[in-house]
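Read through the structure below, which is laid out as structure tokens, and then see the notes.
Atoms within a ligand are numbered from 1 in the order they appear, just like the ligands themselves.
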Amino acid sequence: MKFVSTRSIEGERLSASEAILKGLAADGGLFIPEEMPSSLPDFTLDKGAWYAMYTAMKPFFDGDELEGELERICRSAFDFPIAFHTNDGKDTLELFYGPTAAFKDFGARFLAYSMETLLERRNEDITILVATSGDTGGAVASAFHGRSHISVKVLFPKGRVAERQRRQLTGWDGNVSSYEVEGSFDDCQKMVKDAFMDPELKGLSSANSINLGRLLPQYAYYVWASNLYLELYGKKPVIIIPSGNVGNSTGAFWAKAAGAPIEMIVLAVNENRTIPDYLESGEYSPRPSVETLANAMDVGAPSNMERLFALFPTYDEFSANVSSWSVSDDEIRETIKEEWEENSHIICPHTACGERVRRDHFRDDPTIVVATAHPAKFESIVEPIVGKTIAIPRSLFDIMHKESRSTEIAVDYHLLFS
Ligand SMILES: *Cc1c(COP(=O)(O)O)cnc(C)c1O
């Protein structure tokens, strides 16, 4: 199995391991499978989700140097549950039982264990730089903490992340250092870019959401969940995914393309309407993001769109396969309230976008809404709406009670290496 760039199908052909280590293709494009696995493996659902994910991912590592290590990597990376919350066919796939209580733990942990194994074999060391305005940095810091051959520097804008998020960025020691930058998120991103351009600095790498290693687990849990749904109800589900950079949903489209039993994939977005506007007008116009209550989805120029366009190159193909609805902040609040009052189910603002789309457009269809984060991560929004304190998951509790360590620095990337 080989991976090619979205920009030049004729150019590089790399193995999964090579694509994971490189991150971005030489021509600036994103890596996609040259072809989808032609058939899904027969897997048993009773061995647990991690094993089903391992079998689903296996074809992508056919002939790859990680092939023999894949089972161990999956067992280590996915050492937490996935919950399939059934509700008479209006089900919820809860992906937030990992260490930072959001679905990004799957991709970040798989990437961390894969990179560690690859670097071990090469006896090389790398430094990962991450600029974050919140969620991604925490998942990456947590995933890479304690992995050998890798050190991580997390940069975030001072005074501009929520306290619980700050804890997830600063509660680390050893190979993870965090830097509180006296500037904006854009300044942090620029520092990372400048460091990558500096020819003196060697062995720098990134772990951002376009890395192939972060996408493959997101493919795998959709293979697992859709098969589970089919087994439970004898029907293929419509899967509704709260989306921003559309990395999570790209995994679902790959799963459907490989033959997973999925009826339709629906992207629920917040007031960042780039994708629904494209579907309506036929004109794709990325734009600056606007702030919403579902802030991990505040994206106006989704970075994985290039992968969806590679799958559906024309407007006709795109609109035949992708549907998307936008949900306002008022609707997010309303939906959190209704879901609590009707089902005693507390959901986060991102998940609420998905739930709203189900209520408005798929009331009578077999559906899975993807719950992308635990509501306790967004307690300042959710608690006043439901009128009660949300119990915090163990993993978050642990991070919140670790000693905070960070270095305050000015906007100058040299200070990261002094
Ligand atoms: C990152 C994130 C999203 C958006 O996922 P994409 O892959 O960027 O579309 C949705 N919800 C939560 C909680 C997230 O952290």
Side-chain angles (χ1 to χ4, degrees), residues 30 92-111 130 132-143 161-162 164-165 168-169 207-222 239-255 265-276 286 289 291-308 322 324-327 332 335-336 346-357 369-379 381-382 393 396:
L30 312 185
T92 306
L93 176 64
E94 294 179 340
L95 299 175
F96 52 64
Y97 294 101
T100 70
F103 81 86
K104 291 190 177 69
D105 286 326
F106 286 93
R109 288 177 65 81
F110 182 75
L111 181 63
V130 206
T132 186
S133 53
D135 253 19
T136 304
V140 169
S142 159
V161 302
R164 282 190 185 178
Q165 281 183 330
Q168 294 187 27
L169 297 171
N208 53 28
S209 69
I210 52 151
N211 190 298
L212 179 71
R214 292 199 34 187
L215 278 182
L216 295 179
Q218 293 162 191
Y219 159 91
Y221 53 58
Y222 289 115
I239 301 186
I240 305 172
I241 307 173
S243 298
N245 273 317
V246 304
N248 196 4
S249 25
T250 297
F253 283 107
W254 287 3
I265 294 160
V266 178
L267 313 187
V269 301
N270 56 26
E271 279 165 4
N272 290 278
R273 303 184 40 99
T274 307
I275 300 170
S289 62
E291 278 183 37
T292 75
L293 291 177
N295 65 5
M297 291 157 50
D298 290 350
V299 179
S303 56
N304 277 293
M305 275 303 270
E306 208 169 312
R307 285 190 166 113
L308 293 192
V322 182
S324 180
W325 275 278
S326 159
V327 175
I332 289 175
T335 308
I336 293 172
I346 302 182
I347 55 177
C348 89
H350 309 83
T351 307
C353 293
E355 191 54 50
R356 180 63 181 220
V357 169
V369 165
V370 178
T372 50
H374 193 286
K377 285 189 93 163
F378 303 93
E379 85 292 355
I381 297 166
V382 180
L396 274 192

Worksheet entry | Whether Asp105 side chain and Ala101 backbone form a donor-acceptor pair below 3.5 Å | yes

For Asn248, the atoms of ligand 1 under 4.0 Å from one of its heavy atoms are 7 (O)

**Request:** Say whether Lys104, considering both its backbone and side-chain N or O atoms, lies within less than 3.5 Å of an N or O atom on ligand 1.
**Result:** yes

Quick check: His350 and ligand 1, any N/O pair under 3.5 Å apart? no

Can you find an N/O atom of Ser249 closer than 3.5 Å to an N/O atom of ligand 1? no

Separation between CZ (Arg307) and CZ (Phe253), nearest 0.5 Å, reads 14.0 Å

Output for pair (Ile240 CD1, Cys353 SG), nearest 0.5 Å, gives 11.5 Å

The closest protein heavy-atom partner of atom 8 (O) of ligand 1 is Asn245 N, 2.8 Å

re atom 12 (C) of ligand 1, the protein heavy-atom contact at minimum distance is Thr372 OG1, 3.4 Å

When rounded to the nearest 0.5 Å, the distance separating SG of Cys348 from CD1 of Ile336 is 7.5 Å

What do you reckon, does Phe103 put a non-hydrogen atom under 4.0 Å from ligand 1? yes

closest protein heavy atom to atom 10 (C) of ligand 1 is Met297 CG, 3.5 Å

>> For Thr100, is there any backbone N or O sitting under 3.5 Å from a side-chain donor or acceptor partner on Lys377?
In response: yes

At under 4.0 Å between heavy atoms, what of Val246 touches ligand 1? The answer is backbone

When every non-hydrogen atom of Leu396 is compared with those of Gln168, the smallest separation belongs to CD2-NE2, 3.0 Å

Taking Gly213's backbone N and O only, do any of them form a donor-acceptor pair with Asn211's side chain (distance below 3.5 Å, no angle check)? yes

Within 4.0 Å of some non-hydrogen atom of Ala373, the atoms of ligand 1 are 13 (C)

Residue, atom and distance of the protein heavy atom nearest atom 4 (C) of ligand 1 read Gly244 N, 3.6 Å

For Ser209 and Asn304 the tightest heavy-atom approach is O-ND2, 3.7 Å

The atoms of ligand 1 lying under 4.0 Å from a heavy atom of Gly247, numbered in the order shown, are 6 (P), 7 (O), 9 (O)

In terms of heavy-atom contacts, Ala268 and Val357 come closest through CB-CG2, 3.8 Å

Exercise for the section: May I ask you to check whether Ala102 has an N/O atom sitting below 3.5 Å from an N/O atom of ligand 1? Expected result: no

